[in-house]
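Just the heavy atoms: all of them, side chains too, but no hydrogens, waters or symmetry mates, feed the values below.
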Amino acid sequence: MNHTQTTFSSSDDDAGTMTTAQQSVASGNSTSMGPTLGGSRHWRDVFWLGIFLLHLVVVGLALGVLGLNRFRKKDRLNIDQYTNRFLENQAGLTEDYWPLYAIAGAISTVIGWIWLLLLGSHSNQMMKVSVHLLTTYLAVLSVLCFWGKFFFWGVAFAIGSGLQFLYVISVIDRLPFTMLVLQRAVKMVWKLPEVMRVACVFMLVMLIWLGLWSFGAAGVVASSIGDSGRWWLLVVFSVSLFWTGAVLCNTVHVIVSGMVFLVLIHGGREAATMPRNPLLQSLRYAITTSFGSICYGSLFTAAIRTLRWEIRGFRSKIGNNECLLCCVDFLFHIVETLVRFFNKYAYVQIAVYGKSFNHSARDAWELFQSTGVEALIGYDCSGAVLLMGTLLGGLITGTCAVIFTRIKHPDREMMMGSTAILMGMVLVGLAMVVVESAVTSIYICYAEDPLLIHRWDPEFFNQMSETLHQRLQHRSSRVREGLSQNRLPDHIQETITV
């Protein structure tokens, strides 16, 4: 019954959305954008900026102490006296494992740079490799883990492979449009060489932090604490690394989004109306007034996006199972509410207008819903495809770390491998985020004024408009089908009336 009510209530919204979107695409009328990259801005989400900086200081000190305690001398700082009751294994030295992390960092950096180089000339092939190879790679890792008697990791990789396979099957019909969007995004960023240099610079910054992080993680792996204690410490430091990596990725996202948005608004990189030093202005705002918003959004956005992709893929393949559909719809509406306040399109609004994160996310989502572009975004899987490439790069890095660790320290291979996977994902993600930033900027510009995309690439504009029209028709037909299925037969209505 709740599902029926939801279908009824959404029919008017879909019809209105379709009309608005068609008018927007046809006429190109839009709201006044008024980019404020050149104006003064207020500091946003300062509380989260302070939390992030405090977290860096505390974690940095802890990493330094734990790494130094085992550097060239066991228990240099006499920390073992506080962990005597947790002793289970023979302790090692920091330098036993730190070089292995250095190798993992070098491998993931090379993978990231290879991605950047090949995306320009073989973008379509690279994306297809990411989609199809990841499932196979996870399955192979699962078999190897079972063979090595690592049953937990074997089950984890098997579940990951299964979920990846089901997701790809559920969105297989969307991949052609997704590849089209990604190709145009790559075309955009490759015409902006300064954007590629920004990604390389932030990868170097991440490598500097990873030098300290891996120093402390190597000290944890070499410590005399038992396996459970090591794992808990590594989990805590991994969460910290995930947040730090997400902040750096989203900082690049804001910088690139601001640059791409300006290029589309002004009709080209060399346009006379283009402001002076737009990249430096975007960089200045991203690391000062808007940095708090980036820190805040980086905590939640990635997890919510991943959950939304999985639910959308599963929801599209349920069929007519009303009970299961109601349960999934309940979860779907919860996630959609969260997406309203935590979505990646907020970073474009942050770059251009300097708003707070929640304000930017809400405005972006309302813009998409009012113009109907939300139906196009829901159909596009470019973010998921880029995430698959990031996961694949991380898994390759982790595999190499396990192989090197197994030679001298076979009892610590899974600790090294799991943390190396995260390192690889962070570094490869810094390369991938350049393309994702262009994708989000294209959608924001298309929702603001479709003629901006038409001026940039008429053929792409026609393909986007045609796909949007098809998706809105599909949504409208589903609503009408739901209404017809839930309408009572005439003889029952007459009986109720009597």
**OP:** Answer whether the closest heavy-atom distance between the side chains of Leu182 and Val385 falls below 4.5 Å.
**Re:** yes
**OP:** Could you check Leu192 against Val256 for side chain to side chain contact (heavy atoms under 4.5 Å, CB included), going step by step and ending with a plain yes or no?
**Re:** CA-CA 9 Å; Leu192 301 172; Val256 177; over 6 Å; no
Subject >> Nearest-0.5 Å distance that lies between atom CE in Met274 and atom NE2 in His266 >> reply: 6.0 Å
Original post:
What pair of heavy atoms forms the shortest contact from Met416 to Ala401, and how long is it?
Top reply: O-CB, 4.2 Å
**OP:** Grab the two heavy atoms, one from Ser360 and one from Ala346, that are nearest each other, plus how far apart they are.
**Re:** CB-O, 3.4 Å
**OP:** Taking all heavy atoms of Val131 and all of Gln164, pick out the closest pair and write down the distance.
**Re:** O-NE2, 3.2 Å
Original post:
Within the distance-only criterion (no hydrogens, no angle test), does the side chain of Gln349 pair as donor or acceptor with the backbone N or O of Arg362 below 3.5 angstrom?
Top reply: no
Original post:
Which pair of heavy atoms, one from Ser298 and one from Tyr347, lies closest together, and at what distance?
Top reply: N-OH, 3.6 Å
Subject >> Under 3.5 Å: donor-acceptor pair, side chain of Arg44, backbone of Ser290 >> reply: no
Subject >> Least distance between heavy atoms, Gly219 atom then Thr94 atom >> reply: CA-OG1, 3.6 Å
Original post:
Do any N or O atoms from the side chain of Arg174 and from the backbone of Gly378 form a donor-acceptor pair under 3.5 angstrom?
Top reply: yes
**OP:** Decide yes or no for Glu436 and Ser382: does some side-chain heavy atom of the first lie under 4.5 Å from some side-chain heavy atom of the second?
**Re:** no
Original post:
Just by modelled atom types, is the Ser437 backbone N or O under 3.5 Å from a matching donor or acceptor in the Thr440 side chain?
Top reply: yes
Original post:
Do Leu134 and Leu395 touch side chain to side chain, with heavy atoms closer than 4.5 Å?
Top reply: yes
Let me have the donor-acceptor pairs involving side chains of residues 45-60, under 3.5 Å, with sequence neighbours excluded, atom names and distances please.
from: Asp45; atom 1: OD2; to: Ser293; atom 2: OG; distance (Å): 2.7
from: Asp45; atom 1: OD2; to: Phe357; atom 2: N; distance (Å): 3.1
from: His55; atom 1: ND1; to: Phe52; atom 2: O; distance (Å): 3.3
from: His55; atom 1: NE2; to: Ser240; atom 2: OG; distance (Å): 2.7

Original post:
With sequence neighbours left out, what residues match Ser214 under side chain to side chain donor-acceptor pair (under 3.5 Å)?
Top reply: Trp98
Original post:
Have Asp380 and Tyr443 got a donor and an acceptor in their side chains that come within less than 3.5 Å?
Top reply: yes
Original post:
Donor-acceptor pair, Trp365 side chain versus Glu374 backbone, under 3.5 Å?
Top reply: no
Original post:
For Lys187, which residues count as a side chain to side chain donor-acceptor pair (under 3.5 Å) partner, sequence neighbours excluded?
Top reply: Asp457
Original post:
Any idea which heavy atoms bring Ala286 and Val254 closest together, and the distance?
Top reply: CB-CG1, 4.0 Å
Subject >> Summary of ring-ring contact (aromatic ring centres under 6.0 Å, His included) pairs that have at least one residue in residues 144-163, sequence neighbours excluded >> reply: none
Subject >> Check: Ala246 main-chain N/O paired with Asn250 side-chain donor or acceptor under 3.5 Å >> reply: yes
Subject >> Pairs touching residues 391-400 that satisfy side chain to side chain donor-acceptor pair (under 3.5 Å), sequence neighbours left out >> reply: Tyr137-Thr399
Original post:
Taking C-beta and beyond as the side chain, do His42 and Thr289 meet within less than 4.5 Å on heavy atoms?
Top reply: no
**OP:** Measure the spacing between SG of Cys381 and CG of Leu387 and express it to the nearest 0.5 Å.
**Re:** 12.0 Å
Original post:
Just wondering, more than 12 heavy atoms not from Trp456 lying within 6.0 Å of its CH2?
Top reply: yes
**OP:** Could you go through the side chain to side chain contact (heavy atoms under 4.5 Å, CB included) check for Ile377 and Tyr345 one step at a time?
**Re:** CA-CA 11 Å; Ile377 291 172; Tyr345 303 96; 3.2 Å; yes
Subject >> Spacing of CG belonging to Leu427 relative to SG belonging to Cys249, to within rounding of 0.5 Å >> reply: 9.0 Å
**OP:** Sorted by first residue and then second, give each ring-ring contact (aromatic ring centres under 6.0 Å, His included) pair with at least one member in residues 392-428; sequence neighbours left out.
**Re:** Tyr97-His409
**OP:** Check the pair Thr419, Phe237 against side chain to side chain contact (heavy atoms under 4.5 Å, CB included), reporting the backbone distance first and the verdict last.
**Re:** CA-CA 9 Å; Thr419 49; Phe237 289 139; over 6 Å; no
**OP:** Check whether any side-chain N or O of Arg41 sits under 3.5 Å from a backbone N or O of Tyr285 as a donor-acceptor pair, and report yes or no.
**Re:** no
Subject >> Donor-acceptor contact present, side-chain Ser161 to main-chain Thr135, <3.5 Å >> reply: yes
Original post:
Is a donor on one side and an acceptor on the other found under 3.5 Å between the side chain of Ser142 and the backbone of Leu138?
Top reply: no
**OP:** Please lay out, stage by stage, how Leu264 and Met188 fare under the test side chain to side chain contact (heavy atoms under 4.5 Å, CB included).
**Re:** CA-CA 10 Å; Leu264 292 174; Met188 168 65 74; 3.4 Å; yes
